[in-house]
Number of protein chains: 2
Amino acid sequence: MNALPEGCADVVFADPPYNLQLRRDLQRPEGGMVAGVSEEWDLFDGFESYDAFTRAWLKAARRILKPDGTIWAIGSYHNVFRVGAALQDAGFWVLNDIIWRKCNPMPNFRGTRFTNAHETLIWAARSERSKYRFNYHAMKAMNDDLQMRSDWLIPICGGNERLKRRGAKAHPTQKPEALLYRILLACSAPGDVVVDPFFGTGTTGAVAKLLGRHWIGIEEDCVYAAIAEERIAGLLPLAGGALAVSQGRRGEARIPFGALVEAGIVRPGSMLHAPARRGEALVRADGTVAMGDQCGSIHQVGAAAMGAATCNGWTFWHVVEAEQLVVLDAKRDVYRAMLANAA
Amino acid sequence: MNALPEGCADVVFADPPYNLQLRRDLQRPEGGMVAGVSEEWDLFDGFESYDAFTRAWLKAARRILKPDGTIWAIGSYHNVFRVGAALQDAGFWVLNDIIWRKCNPMPNFRGTRFTNAHETLIWAARSERSKYRFNYHAMKAMNDDLQMRSDWLIPICGGNERLKRRGAKAHPTQKPEALLYRILLACSAPGDVVVDPFFGTGTTGAVAKLLGRHWIGIEEDCVYAAIAEERIAGLLPLAGGALAVSQGRRGEARIPFGALVEAGIVRPGSMLHAPARRGEALVRADGTVAMGDQCGSIHQVGAAAMGAATCNGWTFWHVVEAEQLVVLDAKRDVYRAMLANAA
DNA sequence: GGGAGCCCTGAATCCATAT
DNA sequence: TATATGGATTCAGGGCTCC
């Protein structure tokens with residue numbers, strides 16, 4: 001990066017090593033092994049060594065950024081606090097932290113933590129005084145005329161998009177093009193220069209070329225670099241007015257019964273009633289219900305009460321309200337309305 | 001916090017000041033050329049001062065945590081990188097970063113950035129070696145039998161839940177009870193001690209009391225403290241049965257396979273069958289099994305049959321009953337029921 | 001051709017206890 | 001403290017085969 005001229009970049013996108021610290025191999029419940037990140041480039045002696053590395057590349061990135069340029073950095077809880085703090089210390093001005101929510105993350109196979117279902121991006125201007133570019137209306141249009149939020153739902157990179165070499169993934173941490181697409185559309189213009197100091201297999205370059213942005217990629221691994229060159233060479237940029245976007249919003253959110261309990265709409269300790277006095281069930285703190293020995297979800301216990309294989313607990317169970325039975329599904333509507341309106 | 005005894009807390013929940021306004025007020029430039037330098041210096045100084053504050057309360061929190069205790073800290077992009085890095089530097093071991101997604105965030109009125117629609121929580125154990133509590137099954141049950149993810153959709157605190165004083169909100173950053181409900185349900189048990197060093201109007205205490213946890217709140221503002229006391233005094237804890245949450249098998253007594261053989265539930269000389277006809281094994285009198293040359297526990301021989309490093313023999317092997325395959329784990333349940341009836 | 005079902009895989013700090 | 005062993009634990013999506 002130090003070979004580039006000062007102030008040459010409109011945007012820097014950086015996907016640095018995450019400094020993962022895996023203790024041992026991880027086995028899937030069905031017997032297979034998880035292919036983790038064991039590459040040498042992700043090995044550091046400790047936080048001090050990682051921090052020094054981070055400060056060095058941030059300093060170089062800041063030098064090549066135009067005064068009004070912005071930087072993106074992506075990370076996980078292993079490294080993102082170090083990167084974020086170093087970025088602030090270096091004089092960058094944080095504009096947003098963006099959550100990449102994965103709709104299909106790897107589960108937590110051992111049941112020891114919450115499923116790690118997101119990664120964090122930091123978007124920052126070169127300085128507090130930067131007049132940075134934010135294509136507000138493009139983002140709003142892309143989000144069905146609602147302001148684009150700081151949490152983005154995007155699938156992980158797989159299928160045909162995932163680059164392979166001899167049947168195996170070419171790079172352990174290839175990012176989805178949709179992620180870079182939204183980033184470059186948000187904060188750059190056609191003709192801008194985008195620099196990626198951890199180019200890998202070139203997702204940033206591929207999307208930049210597609211969107212008519214110039215790109216510079218830096219990659220020390222020559223195998224990755226060769227794959228990236230080949231990948232990008234085979235692409236054509238979009239024609240002038242073809243930047244069609246508009247991504248529909250997802251369907252109605254699934255509501256777990258536990259969310260109603262948590263929100264106090266159905267209280268733990270209260271009773272659910274089956275129609276025609278066919279039984280009642282105690283609501284427990286975690287959103288399960290208990291009827292005699294039976295204990296489980298509203299659907300499972302409902303099925304047991306009906307003597308059926310399956311049951312829709314939302315329409316089966318009722319709560320008492322003002323001496324009337326009210327079907328649970330009505331309470332779900334209340335919760336949905338709360339999600340939509342409450343303030 | 002330093003007045004509390006060492007190792008008294010199972011959980012610490014901390015909602016520290018976010019450092020939002022302070023810097024701007026402190027760094028009015030006096031004039032001319034000095035402004036730029038002065039700003040950068042003040043910027044650095046602002047972070048330094050905030051970091052020192054953060055290190056101090058984290059150190060105090062670590063002292064009062066039990067060795068297996070965990071800490072939660074919540075923040076936004078203004079401060080969370082500082083808090084996260086300081087937390088790691090202090091020896092805490094990050095378990096998850098959790099994204100509180102707000103379904104009703106404040107819009108970005110000037111259209112200059114992405115709508116800031118989330119806050120970040122960090123969940124960390126006191127040390128890497130801590131045997132921390134995570135109520136995996138309760139979280140899974142609460143989420144309709146899917147693993148709880150690291151992104152949580154919860155409304156901001158409003159409506160009747162929002163505490164008011166003379167028509168205005170009593171506290172500028174009151175957290176929703178649903179957030180604390182999920183946190184305390186995830187990582188504590190009834191009777192545990194929860195400490196909140198930035199108690200505010202007492203959301204942590206209110207939910208702790210509801211869920212049958214002991215709580216200690218620290219608040220320097222006596223108006224907030226008075227509001228919190230009044231608020232919590234008016235609450236009733238949930239009754240015992242409602243506090244029960246779903247448990248997994250981890251807590252249950254271990255049953256050796258030999259006990260089933262001994263009890264006649266599985267007969268010596270009978271065969272165990274692997275799924276998809278991947279092999280069968282002979283049950284021997286001492287509770288070991290044999291498959292060809294392989295001989296050992298149900299787990300060891302199962303692993304050999306799978307070609308895997310390890311195997312849960314209880315869920316791998318099946319017995320034939322009425323011309324149906326029945327998983328061995330069901331037989332263990334039969335034995336457990338036998339034990340329970342005998343007692 | 002279509003649908004059901006099986007297999008594979010993804011940035012993962014992923015066990016507890018007795019000896 | 002290191003080693004051995006019991007045994008708990010997974011979601012979504014794409015690609016493929018097979019009927």
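This structure is a prediction, so every number in the text was calculated from the model and none was measured. Sequence lines set the chain letters: A, B, ... in the order given, protein chains first and strands last, and positions in each chain run from 1.
Of all nucleotides listed (D:dA8, C:dC14, D:dT10), C:dC14 comes nearest to the side chain of A:L26. Among C:dA16, D:dC11, D:dG7, the nucleotide with an atom closest to any side-chain atom of B:T310 is D:dG7. Listed nucleotides: D:dC11, C:dA11, D:dA8. Nearest to the side chain of A:I156: C:dA11. The side chain of B:R332 sits closest to D:dA8 out of C:dC14, D:dA8, D:dT10. Distance from the side chain of A:W41 is smallest for C:dA11 among the nucleotides D:dG7, C:dA11, C:dC14. Side-chain proximity of A:R23 to the nucleotides D:dC11, D:dA8, C:dC14 is greatest for C:dC14. In this structure, of C:dA11, D:dT10, C:dA12, it is C:dA12 that holds the atom nearest to the side chain of A:M106. Set against C:dA11, D:dA8, D:dT10, the side chain of A:K102 has C:dA11 as its closest nucleotide. Taking the side chain of B:L146 as heavy atoms from C-beta on, and the options C:dG10, D:dA8, D:dA12, the nearest nucleotide is D:dA12. Comparing C:dG10, D:dT9, C:dC15 by their closest approach to the side chain of A:T112 singles out C:dC15.
Nucleotide C:dC14 holds its C1' atom 18 Å from the CE atom of B:M148, rounded to whole Å. Atom CG in B:D68 sits about 11 Å away from atom P in C:dT17, given to the nearest Å. Taking atom CD of residue A:E30 and atom P of nucleotide C:dC6, one finds them 14 Å apart after rounding to whole Å. As a whole-Å value, the separation of A:N160 CG from D:dG13 P is 16 Å. Straight-line distance from the CG atom of A:L22 to the C1' atom of C:dA11: 9 Å, rounded to whole Å. Whole-Å rounding puts the B:I298 CD1 to D:dT5 P distance at 15 Å. One interatomic measurement links the two molecules: CG of A:N108 to C1' of C:dA11, which rounds to 14 Å at whole-angstrom precision. Atom CD in A:Q21 sits about 19 Å away from atom P in C:dA11, given to the nearest Å.
OP1 and OP2 of D:dT1 both lie 4.0 Å or more from every side-chain N or O belonging to B:R129. Phosphate contact (OP1/OP2 of D:dG6, side-chain N/O of B:S297, threshold under 4.0 Å): present. Considering only side-chain N and O atoms, A:R24 lies under 4.0 angstrom from the phosphate OP1 or OP2 of C:dC15. Phosphate contact (OP1/OP2 of C:dA12, side-chain N/O of A:R110, threshold under 4.0 Å): absent. At D:dT10, one or more side-chain N or O atoms of B:Y136 fall inside 4.0 Å of OP1 or OP2 (strictly under the cut-off). Look at B:R250 and you won't find any side-chain N or O under 4.0 angstrom from OP1 or OP2 of C:dC14. Remark: B:H137 is in phosphate contact with D:dT9, judged by side-chain N or O atoms under 4.0 Å from OP1 or OP2. Phosphate proximity of D:dG6 to B:H299: absent, as no side-chain N or O sits under 4.0 Å from OP1 or OP2. When the side-chain nitrogen and oxygen atoms of B:K140 are compared with OP1 and OP2 of D:dT10, one or more of them lie within a distance under 4.0 Å. Proximity of A:N104 to the phosphate of D:dC11: no side-chain N or O atom is located under 4.0 Å from OP1 or OP2.
Toward the 5′ end of DNA chain C lies the nearest nucleotide of A:G167, the other residue of the pair B:K131 and A:G167 mapping further downstream. Toward the 5' end of DNA chain D, the nearer of the two residues A:G111 and A:G159, judged by each one's closest nucleotide, is A:G111.
A distance of about 16 Å separates the C1' atoms of C:dG1 and D:dC16, rounded to the whole Å. Taking atom C1' on both C:dA12 and D:dT5, the two are 24 Å apart, rounded to the nearest angstrom. For the P atoms, the distance from D:dT9 to C:dA11 is 25 Å, rounded to whole Å.
When heavy atoms are screened at a 4.0 angstrom cut-off, B:D329 is found touching no nucleic acid atom at all. The residue A:S76 sits apart from the nucleic acid: no heavy atom pair falls under 4.0 Å. In this structure, A:I74 reaches neither bases nor backbone, as no heavy-atom distance under 4.0 Å exists between it and the strands shown. No contact: B:P256 has no heavy atom under 4.0 Å from any strand. Contacts of A:P16 with the nucleic acid, taken as non-hydrogen atoms under 4.0 Å apart, include base atoms.
For B:W93 and A:H78, the ring centers are positioned 6.0 Å apart or more. Aromatic pair B:W152/B:W100: centroids not less than 6.0 angstrom apart.
B:F134 does not carry A:R113 over the face of its six-membered ring by the limits of under 6.0 Å from the centre and within 45° of the normal. Geometrically, A:R82 engages A:F47 in a cation-pi contact defined by less than 6.0 Å to the ring centre and at most 45° from the axis.
Under 4.0 Å is where a charged nitrogen must lie from a carboxylate oxygen, and between A:E119 and A:K102 at least one such pair does. A salt bridge does not link A:E161 with A:K169: every distance from a Lys NZ or Arg NE/NH1/NH2 to an Asp or Glu carboxylate oxygen is 4.0 Å or more.
Across all their heavy atoms, B:R267 and B:S270 have their closest contact at O-OG, 2.6 Å.
Interface remark: the A:R28 side chain does form a donor-acceptor pair with the C:dG10 base, using a distance-only criterion of under 3.5 Å. Residue-to-nucleotide contacts include no donor-acceptor pair under 3.5 Å from the side chain of A:K169 to the base of C:dA11. Judged by distance alone, with hydrogens and angles left aside, A:N116 brings no side-chain donor or acceptor close enough to the base of C:dA12 to form a pair under 3.5 Å.
A:T288 is not listed as a side-chain neighbour of B:V245, based on a closest heavy-atom distance of 4.5 Å or more. Considering only heavy atoms from C-beta on, B:I255 comes within 4.5 Å of B:L339 through its side chain.
Stretches of at least 3 consecutive Watson-Crick or G-U wobble pairs, with each checked distance under 3.5 Å, appear in DNA chain D as C:2-10 with D:11-19, C:15-19 with D:2-6.
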Given the rule in the side-chain hydrogen bond (donor to acceptor under 3.5 Å, both in side chains) test, do B:S246 and A:D286 qualify, once you have shown the distances and angles that lead to the verdict? CA-CA 7 Å; B:S246 304; A:D286 63 352; 2.9 Å; yes
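Panel note: side chain A:R284, backbone A:C295; no donor-acceptor pair is recorded below 3.5 Å.
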